[in-house]
Amino acid sequence: MASAAEVAAMRRAIALSAVGLGATSPNPPVGCVLLDPRARIVGEGYHERKGEAHAEAQALAAAGPLSAGATAVVTLEPCNHAGRTPPCRQALIDAGVKRAVIAVIDPTSRGEGGVVVLRQAGVDVETGVLTAEAQTVLGGWLAGLKNRRPVITWPYLITSHGVEALPEDTSEARLLHLNADAVLRADGTVREAVPGTHGSGILTIKDQPLGTSAAEAAMALYDGGVRHLLLDGGHDAVGPFLASGLVDHAVAYMPYGSASRRPASGLAWPLLPPGFVVASVVKTESFVRVDGERDASR
Ligand SMILES: [Zn+2]
């Protein structure tokens with residue numbers, strides 16, 4: 001069983017992993033904390049950007065010789081394949097790590113992943129530690145693998161005029177962009193959160209108006225490496241994505257002032273699209289922000 005110190009370290013690793021959101025796709029955002037035999041943190045790291053060192057490699061580099069005999073606490077099963085960087089499971093073995101505590105098993109490893117090789121090398125491996133909590137960061141990447149399309153978030157303004165696009169120059173929009181890989185605009189152009197991250201695949205939809213083929217646009221972006229997509233548009237532009245069931249998160253921003261006026265009678269819906277339920281509500285500087293999730297009970 002994972003010790004209290006290992007569980008606590010996993011929560012830190014989960015928080016570290018979030019630094020990679022919006023920058024690691026198509027790779028997963030992963031965090032890693034190394035504990036010495038007295039349960040002190042001797043190194044930690046996260047996968048910051050596609051093509052750069054993985055979380056485990058960062059943590060091993062930080063710990064240096066203190067990696068020998070350490071426990072690696074990592075949010076995702078260490079990778080087993082040599083790609084742009086050497087496989088992490090081998091780096092852990094070579095560094096003399098004795099135990100590995102893992103939250104989420106990599107669904108692409110097909111039972112032949114890092115865990116098997118680590119165990120063969122004599123490393124004590126425990127899996128399934130804080131899996132649900134780790135999925136607060138890894139959930140988007142896992143959903144993308146399952147659905148073969150990006151997770152799609154649609155932020156919008158609810159005003160007395162109707163449902164409008166959230167202006168890109170607001171702090172609310174910038175916060176959402178930080179956590180996403182790309183923004184698909186109403187005119188069909190795509191803005192990457194990290195320019196050049198997703199190769200040329202996304203160029204294929206640049207001349208398509210958003211929504212002429214919502215599913216094709218989503219798949220083209222997935223093939224280009226996008227795992228979390230923001231839609232930038234009002235109700236009309238985003239309609240085809242909604243109708244196709246492709247919107248996963250609806251984020252409504254209601255300006256304070258709008259509550260004191262009578263809403264326009266032409267509103268498609270008062271707050272969230274049909275099929276969405278309130279997941280959380282927070283007050284920001286200028287808005288009430290409502291995060292809507294798909295109603296899982298339907
Ligand atoms: Zn790796």
Side-chain angles (χ1 to χ4, degrees), residues 1-21 23-37 39-50 52-64 66-142 145 227:
M1 224 180 99
S3 70
E6 289 167 352
V7 169
M10 183 65 84
R11 292 202 170 97
R12 184 173 173 91
I14 291 167
L16 288 171
S17 72
V19 180
L21 288 170
T24 63
S25 293
N27 296 335
V30 178
C32 178
V33 171
L34 288 175
L35 299 175
D36 74 4
R40 294 174 303 197
I41 295 176
V42 291
E44 60 187 19
Y46 47 84
H47 186 37
E48 187 171 10
R49 192 169 295 216
K50 175 191 168 190
E52 294 184 4
H54 289 186
E56 300 92 322
Q58 296 273 19
L60 291 171
L66 296 175
S67 302
T71 294
V73 178
V74 58
T75 59
L76 182 69
E77 180 180 19
C79 65
N80 201 22
H81 52 273
R84 286 164 176 260
T85 55
C88 290
R89 47 89 174 155
Q90 194 60 45
L92 292 169
I93 293 165
D94 292 346
V97 165
K98 279 191 132 138
R99 175 167 157 81
V101 178
I102 296 164
V104 175
I105 292 296
D106 183 347
T108 65
S109 72
R110 296 187 189 85
E112 298 171 350
V115 166
V116 173
V117 178
L118 285 167
R119 283 190 174 134
Q120 284 168 352
V123 177
D124 176 37
V125 180
E126 181 161 347
T127 62
V129 176
L130 299 189
T131 304
E133 290 179 49
Q135 284 178 354
T136 57
V137 178
L138 280 168
W141 180 77
L142 291 166
L145 280 178
R227 297 294 179 268

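Worth saying up front: this structure is predicted, and the values here are computed from it rather than measured.
Checking side-chain atoms of Thr75 against main-chain N and O of Gly31 turns up a donor-acceptor pair under 3.5 Å. One N or O on the side chain of Glu6 and one on the backbone of Ser3 form a donor-acceptor pair closer than 3.5 Å. With hydrogens and angles disregarded, no donor-acceptor distance shorter than 3.5 Å links the side chain of Trp141 to the backbone of Gln135. Counting only distance, with no hydrogens or angles, the side chain of His47 and the backbone of Ala53 share a donor-acceptor pair below 3.5 Å.
Looking at Ile41 and Leu34, their side chains never come closer than 4.5 Å, going by heavy atoms from C-beta outward. Using a 4.5 Å cut-off on side-chain heavy atoms (C-beta onward), Ile102 and Pro78 make contact. By the 4.5 Å heavy-atom criterion applied to side chains, Thr71 and Val97 are not counted as neighbours. Put simply, the side chain of Val73 does not reach to within 4.5 Å of the side chain of Cys32, judged on heavy atoms. Proximity of Leu16 to Glu44: side-chain heavy atoms (C-beta onward) are separated by under 4.5 Å at one or more points. Side-chain contact check for Lys50 versus Ser25: every heavy-atom pair is 4.5 Å or farther apart. In this structure the side chain of Arg227 reaches within 4.5 angstrom of the side chain of Pro26, judged on heavy atoms. Val30 has its side chain out of reach of His54: every pair of non-hydrogen atoms, C-beta onward, lies at least 4.5 Å apart.
In this structure, Pro29 and Leu138 approach most closely via the heavy-atom pair O-CD2, 3.3 Å. Scanning both residues, Asn80 and Gly114, for their nearest heavy atoms gives CB-N, 3.9 Å. Taking every heavy atom of both residues into account, Ser17 and Val137 meet most closely at OG-CG1, 3.3 Å. Heavy-atom minimum distance, Pro107 versus Leu145: CG-CD1, 3.5 Å. Closest approach of Ala59 and Gly45 over heavy atoms only: CB-N, 3.8 Å. For Ile105 against Leu76, the heavy-atom pair with the smallest separation is C-CD1, 4.2 Å.
Looking at residues two or more places apart in sequence or on another chain, you find no side chain to side chain contact (heavy atoms under 4.5 Å, CB included) involving Ala61. Residues that satisfy the side-chain hydrogen bond (donor to acceptor under 3.5 Å, both in side chains) test with Glu48, not counting sequence neighbours, are absent from this structure.
Going from atom CG of Leu60 over to atom CG of Leu66 covers 11.5 Å, rounded to the nearest 0.5 Å.
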side-chain contact (heavy atoms from CB on, under 4.5 Å) evaluation trace for Asp106 with Val104: CA-CA 6 Å; Asp106 183 347; Val104 175; over 6 Å; no
Leu118 vs Leu92, side-chain contact (heavy atoms from CB on, under 4.5 Å): CA-CA, chis, key distance, verdict: CA-CA 8 Å; Leu118 285 167; Leu92 292 169; 4.2 Å; yes
side-chain contact (heavy atoms from CB on, under 4.5 Å) between Met10 and Val101, intermediate numbers included: CA-CA 8 Å; Met10 183 65 84; Val101 178; 4.1 Å; yes
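Between Glu56 and Arg89, no side-chain nitrogen of the basic residue sits less than 4.0 Å from a carboxylate oxygen of the acidic one, so the salt-bridge criterion is not met.
Between the side chains of Glu77 and Thr127, not a single donor N or O lies within less than 3.5 Å of an accepting N or O.
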